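Computed from a predicted model, the values in this text were never measured in an experiment. Letters A, B, ... are given to chains in the order of the sequence lines, protein chains preceding strands, and every chain is numbered from 1.
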There are 2 protein chains.
Amino acid sequence: MKKQNVTSADVARLAGVSRSTVSRCFKSDSRISDVTRKRVIEIADQLGYQVNKLARSMSTKESDLVGLVSSGLHDPFAVILVDKLISTLQKMGLHPILLDASNEKQLDISIKKLAQYQVKSIVITSGSPSSSIGAKFINRDIPVILLNRAGQLDQANLINCDNQKGAMLAAQALIDAGHTKLAFINSSFSTFSGVSRRDFFEQTLALKASAGDVTLEKINVEETGYQAGYKAALKTLSQQDHATGFFCATDNIAFGFMDAARYEMGKKIPDDVSVIGFDDLPLSARPTYDLTTIKQCPNNLAKAVAECINGIDTTSERIRKIIPVSLIKRKTIAAPPYQQL
Amino acid sequence: MKKQNVTSADVARLAGVSRSTVSRCFKSDSRISDVTRKRVIEIADQLGYQVNKLARSMSTKESDLVGLVSSGLHDPFAVILVDKLISTLQKMGLHPILLDASNEKQLDISIKKLAQYQVKSIVITSGSPSSSIGAKFINRDIPVILLNRAGQLDQANLINCDNQKGAMLAAQALIDAGHTKLAFINSSFSTFSGVSRRDFFEQTLALKASAGDVTLEKINVEETGYQAGYKAALKTLSQQDHATGFFCATDNIAFGFMDAARYEMGKKIPDDVSVIGFDDLPLSARPTYDLTTIKQCPNNLAKAVAECINGIDTTSERIRKIIPVSLIKRKTIAAPPYQQL
DNA sequence: TAAATCAATGCACACGTTTGCTCAAAATTT
DNA sequence: AAATTTTGAGCAAACGTGTGCATTGATTTA
């Protein structure tokens, strides 16, 4: 009992023109007299006619559809990023099909289907899809954009926030405050961003260490996000001679760390321990945490993706883009406590 | 320089069969000899052939695409809900196209495009799209599902959490603790859920009020979410004889309320004021808040949507579904302080 | 005024599937 | 062995649109 779709033929008949003319009325470039166009559009509206994009795509071999794969919306920064991505794409007239990558098996199936929809491009945010899957897309000439994610794929376009600069700023901030016993907190299921930050952090310290001596403890916990930070605090702060300056791979981890430090271990922040995060989530600015952190701007990341998608047609070059970060000073870093005489 | 798509004709040629046969090999129902099917599929795999869903949809007039409109991912509960929706739909072999409804104008355009993609159904989560838009879809026989949202549209399918029960439980909890001066906190840009909870809260109190006397203050603030709660606390707690039992329309509002109450107004929770929220966000269980709240289960909501989408083919009846809620007792409700002798 | 240019529109094929109908061969029944 | 049913597979039309080419009438140029 489905109502028959109203098609271009219908409006053509009513307008007394050919289907071609109707078709051209809905594209900007074609030369159609203003008077005809106006009449046709009017009749189309009246009939409730809508272009069938599926048919159009088939004919033009182009599509407004974009695949957007994210490993669930559990990580708060991922949420903000996806949100920005969606609205940015929408403004460009592109339509994202979302894919959940939490379940690797499901993902494998679904990602294939994405190709079946002839998506214009596929953007993979930090998460777990195996690189072999991305390769499949490249085989079919569907451009792949890796966002804040490892770049195993040679042919993919890469967009990353400046983890190196961020890690450097974090190191600098802790050292400037006088800390010498530092630690890096992360989940052992960490994403590319996490290990990248750790490596650059370590690297920066190695440079500084020549001046004074600075120790670095690398802590990985078999949890993710908030829970990882929580567990990490329990573990490390119970030790006799624990570190005093903590760089958490993400703000979310920092929240867990702070909560456990305060409520379970009775530590004061920043009096007893200093903490710095990465992301600058909205929650970080709230009085509960007031977290000093490295800000990466989702807007700029989204903008870069947009430019990348548009640019892909024109250039065959793979794009490599680094998005700047900055230090946001709040209230979780202070001088280390006066400990041993 | 686009690589030519490999089509069913290509695999047909190589397999020495007709296109029809290839087509039927990828559908379950048709009668094709096992040996042919196996050979065809093998060749298809080898060629990297993928069904072109656009073409298929055009032929079958069916689509795996589903429109999912949400007013941005700012509200934390919305995020969880959307997340569950995406993974649930994915499991069903459906592909959600996400639409951001924050910007009403953009939305109007984008939602039209959704129809152009011949979506199987469109689900609108709590948010702002005008009801007239929904009506457009119904005109085109695209089923509309309203999720936690007002049901102005007669022909739409409705799925809501049990706001009535929730409000009742909240009222009961506060009254049982001994509170008589109650308040309801909400954003003045509130969604349907918010006003619904308020109305049921008031209604429940009216019943109780016959027994003892209970006052209700309704507070609306010109902010949203966390900020609304924050401002509300500043405003109401500065008054001489303020309420002691607060029902916040959402957990997120409750967080703002608690933060302001504690850090700006110097109140202790639950010693000075009691708070109850709605949603049961993960954050509510953390020690920072440990918020007593009404839990609504995103899983069940998503499941209901799934069933609804599936059921729509078979029955022409509009679906009305209420999803149960429950009270989660934590640490933000206690007896009111001993105030006036 | 004849020739050349141009603007507006129609024709018909292409895009990649699905599916009702047809048909031949094989299998089964009488 | 003849008649019937079943099985496997091909033909061709349909889905709704875009677009190169052809056509026609109007306008400009020589």
Side-chain angles (χ1 to χ4, degrees), chain A residues 2-41 43-44 47-65 113 115-120 140-141, chain B residues 2-41 43-44 47-65 113 115-120 140-141:
Chain A
K2 276 224 167 185
K3 199 187 293 180
Q4 191 66 8
N5 249 334
V6 16
T7 136
S8 67
D10 296 328
V11 8
R13 200 176 313 116
L14 243 80
V17 298
S18 72
R19 273 182 14 247
S20 319
T21 302
V22 175
S23 169
R24 288 195 250 257
C25 283
F26 286 91
K27 311 218 59 174
S28 53
D29 52 340
S30 305
R31 315 167 309 184
I32 289 284
S33 79
D34 286 353
V35 41
T36 332
R37 164 168 277 140
K38 197 180 165 198
R39 185 163 48 95
V40 168
I41 298 230
I43 294 192
L47 254 53
Y49 169 73
Q50 298 271 91
V51 174
N52 182 331
K53 286 242 181 180
L54 269 37
R56 170 182 288 182
S57 280
M58 245 185 48
S59 188
T60 61
K61 296 185 151 230
E62 287 194 339
S63 160
D64 293 347
L65 262 19
K113 293 200 179 166
Q116 302 178 342
Y117 278 110
Q118 317 295 101
V119 292
K120 179 190 184 77
R140 331 189 101 255
D141 274 335
Chain B
K2 274 225 166 186
K3 199 186 294 178
Q4 193 63 9
N5 248 335
V6 17
T7 136
S8 67
D10 296 328
V11 7
R13 199 176 314 118
L14 242 82
V17 297
S18 71
R19 277 182 7 247
S20 320
T21 303
V22 176
S23 170
R24 288 195 250 258
C25 283
F26 287 90
K27 312 216 60 174
S28 52
D29 52 339
S30 306
R31 317 167 307 184
I32 290 284
S33 81
D34 286 352
V35 41
T36 331
R37 162 168 280 141
K38 198 182 163 196
R39 185 163 48 94
V40 168
I41 297 230
I43 295 191
L47 255 51
Y49 169 73
Q50 297 271 93
V51 175
N52 182 330
K53 286 242 179 178
L54 269 36
R56 171 181 288 182
S57 279
M58 247 186 46
S59 189
T60 60
K61 297 187 152 230
E62 287 193 339
S63 159
D64 292 349
L65 261 20
K113 293 201 179 165
Q116 302 178 343
Y117 278 110
Q118 319 294 102
V119 293
K120 181 191 183 74
R140 332 187 99 256
D141 274 334

Inset, instruction - At under 4.0 Å between heavy atoms, which parts of nucleotides 7-12 of chain D does protein reach? Answer with one letter per nucleotide, 5' to 3': B base, S sugar-phosphate only, - none. - result: BBSBBB
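Take the nearest nucleotide of DNA chain D for A:R56 and for B:M58: the residue whose nucleotide is more 5' is B:M58.
At a cut-off of 3.5 Å, with distance as the only test, no side-chain donor of A:S23 or A:S20 sits close to an acceptor on the other residue.
The phosphate of D:dG16 (OP1 or OP2) has a side-chain N or O of B:K61 nearer than 4.0 angstrom. Remark: A:Y117 is not in phosphate contact with C:dG16, judged by side-chain N or O atoms under 4.0 Å from OP1 or OP2. For A:K27 and D:dT17, the shortest distance from a side-chain N or O to OP1 or OP2 is not below 4.0 Å.
One can place CZ of A:R13 at 19 Å from P of C:dT9, the figure rounded to the nearest angstrom. For the pair A:E62 CD and C:dG16 P, the interatomic distance rounds to 14 Å; values are reported in whole Å. Atom pair A:K38:NZ and C:dA8:C1' shows a separation of 19 Å (rounding to whole Å applied). Distance A:L54 CG to D:dG18 C1': 15 Å, rounded to the nearest Å. With rounding to whole Å, B:N5 atom CG is found 10 Å from C:dC15 atom C1'.
The listed nucleotides are C:dG16, D:dG18, D:dG16; the one nearest the side chain of A:S23 is D:dG18.
Here the OH-CD1 distance, from A:Y49 to A:I41, works out to 10.5 Å after rounding to the nearest 0.5 Å. Atoms OG1 and CZ, on A:T36 and A:R39 in that order, are 6.0 Å from each other to the nearest 0.5 Å.
The shortest heavy-atom contact between A:R37 and A:K27 is NH2-O, 3.0 Å. Between B:R56 and B:F26, the shortest heavy-atom distance links the atoms NH2-O, 4.1 Å.
No salt bridge links A:D64 with B:K113; every basic N to acidic carboxylate O contact stays at or beyond 4.0 Å.
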